[in-house]
Visitor: 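One structure, as structure tokens, below. Some questions next.
Any value given below was found using the heavy atoms of this structure, including those in side chains, with hydrogens, waters and symmetry copies removed. Just follow the structure's listing: the first ligand is 1, and inside any ligand the first atom is 1.
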Amino acid sequence: MSQKNQTLGEFIIENQSSFKYTSGELSRLINSIRLAAKVVNHEVNKAGLVDIIGAAGDTNIQGEDQQKLDVYANEKFIQTLTNRNIVCGIASEEEDDFISINSQDENNNNKYVVLIDPLDGSSNIDVNVSVGTIFSVYRRVTPVGTPVTLEDFLQKGNQQVAAGYVVYGTSTMLVYTTGAGVNGFTLNPAIGTFYLSHPDMQFPENGKIYSVNEGNYIHFPQGIKNYIKYCQMEEGDRPYTSRYIGSLVSDFHRNMIKGGIYLYPKSSKNSNGKLRLLYECNPMAFLAEQANGKASDGFTRILDIEPTELHQRVPFICGSKNMVEKAEEFMRLAE
Ligand code: P6P
């Protein structure tokens, strides 16, 4: 049984045997995420001090202005995963296409692909609000030793072998799962070590926080409008509290600890919602379910959605099980 204040390194070694696939590689992968997280954290924490904030002058495939830290974080995670010769492919929100990693040795025996949102919520950087990194890990499905193909990335979320996030907030935390529960590690910046601070994280089945951008209310489907009015009604343990800071990782993290629901529905402005299935919704849904929570698009379990393209978007409702099920009920009734 893992005990608090165990380091991330000790935790990985102790739990390696519980991971049903081969030992070693996934542990090394998580360790490389840890290293990149520390490097990015260092830059995020001094963003106000050096000329690294502000748009990098480019836009990503989403047509969004790329903040310099977006570019920096993307480069660091790709560099770390590549240099350690652990993965055979990487897909990133900041890259138009996936990246094939051919290891130094000819027969590239690396089995894992990683999909990543290197700096989610980056529009918050200039206003000193928490941002995060989200990652998702699969075993490749094409033959080991051959270059990866799009098929290796377009896998259903229920095939993930690991997923997690880094939240660069009042403290920096790495929260991840390999399918045996969710554990949170807090960085001690003085010595650059992550310590197990939140063992076996669980969503409370009920909660009193709802997180949605109500500025889009008039554009929402009727079922979502009805659910939001339900949250605001004076009845029983309601009205709920509205908390939305525009950073998925931070809203998710708070809701997992306190109980709550996060919604990014489709709307007349965003016909499939805004969040990306492969490197935002799937990893957060895997974490949610591993923490006794739930995640759907309002009708279908996120982890069962068949991906069709690398940067596809889906509507996303995620959090405390009973809250998500109540929102789904409103969606069905309004059908
Ligand atoms: P809006 C950040 O860009 C993000 O992907 C999530 O982290 C966040 O929850 C959402 O978009 C905010 O989007 O449209 O409400 O500003």
Visitor: Mark up the atoms of ligand 1 that fall under 4.0 Å of a heavy atom belonging to Leu248, in ascending order.
Guide: 6 (C), 7 (O), 8 (C), 9 (O)

Visitor: At a non-hydrogen distance cut-off of under 4.0 Å, which region of Val249 contacts ligand 1 (side chain, backbone, both, or neither)?
Guide: neither

Visitor: Strictly distance-based, threshold 3.5 Å: is any side-chain N or O of Arg243 a donor or acceptor partner for the main-chain N or O of Ser211?
Guide: no

Visitor: In plain terms, say whether Glu329 and Lys326 are close enough for a salt bridge, that is, a side-chain N and a carboxylate O under 4.0 Å apart.
Guide: yes

Visitor: Please determine if Asp251 has a nitrogen or oxygen closer than 3.5 Å to a nitrogen or oxygen of ligand 1.
Guide: no

Visitor: Touching ligand 1 at all, Ser123? Heavy atoms, strictly under 4.0 Å?
Guide: no

Visitor: Could you tell me whether the side chains of Gln79 and Lys76 share a donor-acceptor contact shorter than 3.5 Å?
Guide: yes

Visitor: What atoms of ligand 1 come within less than 4.0 Å of a heavy atom belonging to Glu280?
Guide: 5 (O)

Visitor: What are the two closest heavy atoms between Met201 and Ile257, and how far apart are they?
Guide: CE-CG1, 3.9 Å

Visitor: Answer side chain, backbone, both or neither: which part of Asn213 comes under 4.0 Å from ligand 1, heavy atoms only.
Guide: side chain

Visitor: State the atoms of ligand 1, each with its element, that fall below the 4.0 Å cut-off from a heavy-atom position in Tyr244.
Guide: 1 (P), 9 (O), 10 (C), 12 (C), 13 (O), 15 (O)

Visitor: Scan for ring pair (Phe, Tyr, Trp, His ring centres under 6.0 Å) pairs involving residues 282-324, sequence neighbours excluded, and state none if there are none.
Guide: Tyr279-His311

Visitor: If the cut-off is 4.0 Å to any non-hydrogen atom of Leu275, which atoms of ligand 1 fall inside it?
Guide: 5 (O)

Visitor: Which residue pairs pass the ring pair (Phe, Tyr, Trp, His ring centres under 6.0 Å) test with at least one member in residues 120-143, sequence neighbours excluded?
Guide: none

